[in-house]
Participant: 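I have a structure here, written as structure tokens, and I will follow up with some questions on it.
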Amino acid sequence: MSTHSHNYSSSANDPRQPSTAKPYVPLAVAPQDEPIDYSGFIAVIFGIAGVMFRYKLCSWLAIICCAQSLANMRNIETDIKQFSMAMMFALMGLVTNYLGTARPGTKS
């Protein structure tokens with residue numbers, strides 16, 4: 001048994017008109033007009049910095065940016081190349097940082 005009462009007078013004063021409602025249709029955007037995937041670009045930059053300068057933080061940030069780029073991927077054909085390059089740089093940086101020889105000038 002329902003405990004709340006319905007207020008039928010509010011539905012008579014409802015200004016919305018269901019007959020004029022139209023479904024939302026997103027505009028078609030050409031692949032070259034899409035916004036730049038900044039997280040993928042930043043992932044490549046961090047990945048290269050992690051490999052070249054042996055910064056562990058840069059490699060981890062590259063992994064995080066890769067995940068964000070993968071989550072926001074719109075155009076699979078063009079974005080997968082940038083994503084795979086960024087992921088390879090990030091993983092290469094982590095492998096060289098954790099499994100490689102110590103950086104010159106640091107004591108481990």
Side-chain angles (χ1 to χ4, degrees):
M1 185 167 192
S2 180
T3 57
H4 60 279
S5 63
H6 293 286
N7 191 354
Y8 291 107
S9 63
S10 67
S11 63
N13 298 330
D14 193 353
R16 294 174 295 181
Q17 297 171 337
S19 60
T20 60
K22 293 188 285 290
Y24 171 72
V25 178
L27 294 170
V29 179
Q32 63 268 17
D33 295 337
E34 281 189 357
I36 302 165
D37 181 22
Y38 287 109
S39 55
F41 179 68
I42 293 170
V44 172
I45 299 298
F46 276 137
I48 292 172
V51 171
M52 287 180 65
F53 305 119
R54 307 287 298 267
Y55 290 146
K56 293 177 184 176
L57 181 66
C58 285
S59 296
W60 283 113
L61 286 173
I63 294 278
I64 292 169
C65 290
C66 278
Q68 183 180 354
S69 173
L70 183 65
N72 295 330
M73 196 174 285
R74 288 186 197 88
N75 191 356
I76 298 295
E77 291 82 24
T78 57
D79 291 350
I80 203 74
K81 289 181 227 156
Q82 185 179 21
F83 169 76
S84 60
M85 187 172 69
M87 200 67 186
M88 273 191 264
F89 271 118
L91 291 175
M92 206 168 21
L94 288 175
V95 167
T96 55
N97 282 329
Y98 285 102
L99 300 178
T101 56
R103 192 182 346 164
T106 60
K107 293 188 173 71
S108 57

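Below, each value reflects all heavy atoms present in this structure, side chains not excepted, and no hydrogens, waters or symmetry copies.
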Participant: Could you tell me whether a side-chain N or O of Ser84 sits under 3.5 Å from a main-chain N or O of Ile80, the two making a donor and an acceptor?
Facilitator: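 Yes, the answer is positive, given that a donor and an acceptor are paired below the 3.5 Å cut-off.
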Participant: Quick one: closest heavy-atom pair of Gly40 and Ala86, and the distance?
Facilitator: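 Of all heavy-atom pairs spanning Gly40 and Ala86, the closest is O-CB, 4.2 Å.
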Participant: With the 4.5 Å side-chain cut-off for hydrophobic clustering, are Met92 and Met52 part of the same group?
Facilitator: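 Linked within one cluster.
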Participant: For a quick test of reading the model, state the closest non-hydrogen atom pair linking Gly47 to Ala62 and the distance between them.
Facilitator: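 Nearest heavy atoms, Gly47 then Ala62: N-CB, 3.5 Å.
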Participant: Minimum heavy-atom separation for Phe41 to Gln82, with atom names?
Facilitator: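 Closest approach of Phe41 to Gln82: N-NE2, 3.2 Å.
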Participant: To the closest 0.5 Å, what do you measure between CD1 (Ile42) and OG (Ser69)?
Facilitator: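 Answer for the CD1-OG pair, Ile42 versus Ser69, is 10.0 Å.
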Participant: Any side-chain heavy atom of Leu99 within less than 4.5 Å of one from Leu94?
Facilitator: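 When only atoms from C-beta onward are counted, Leu94 and Leu99 do not touch, as no gap falls below 4.5 Å.
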Participant: Do the side chains of Tyr55 and Leu61 join up, straight or via other hydrophobic residues, at under 4.5 Å, putting them in one cluster?
Facilitator: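 No; Leu61 is not reachable from Tyr55 via cluster members.
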Participant: Tell me the closest heavy-atom pair linking Met73 and Phe83, and the distance in Å.
Facilitator: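 So the minimum-distance heavy-atom pair works out to CE-CB, 3.9 Å.
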Participant: Look at the side-chain heavy atoms of Ile, Leu, Val, Met, Phe, Trp and Tyr, link any pair under 4.5 Å apart, and say whether Leu57 and Phe53 land in one connected group.
Facilitator: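 Leu57 and Phe53: separate clusters.
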Participant: Could you tell me which non-hydrogen atom of Cys65 sits nearest to which non-hydrogen atom of Ser39, and how far apart they are?
Facilitator: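 What the structure gives for the nearest pair is CB-O, 3.4 Å.
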Participant: Identify whether Leu70 and Ile63 are in the same connected component of the hydrophobic contact network (ILVMFWY, side-chain heavy atoms under 4.5 Å).
Facilitator: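 Leu70 clusters together with Ile63.
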Participant: What's the shortest heavy-atom distance between Gly50 and Ser59, and which atoms?
Facilitator: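 Heavy atoms only, the tightest pair is CA-OG, 3.6 Å.
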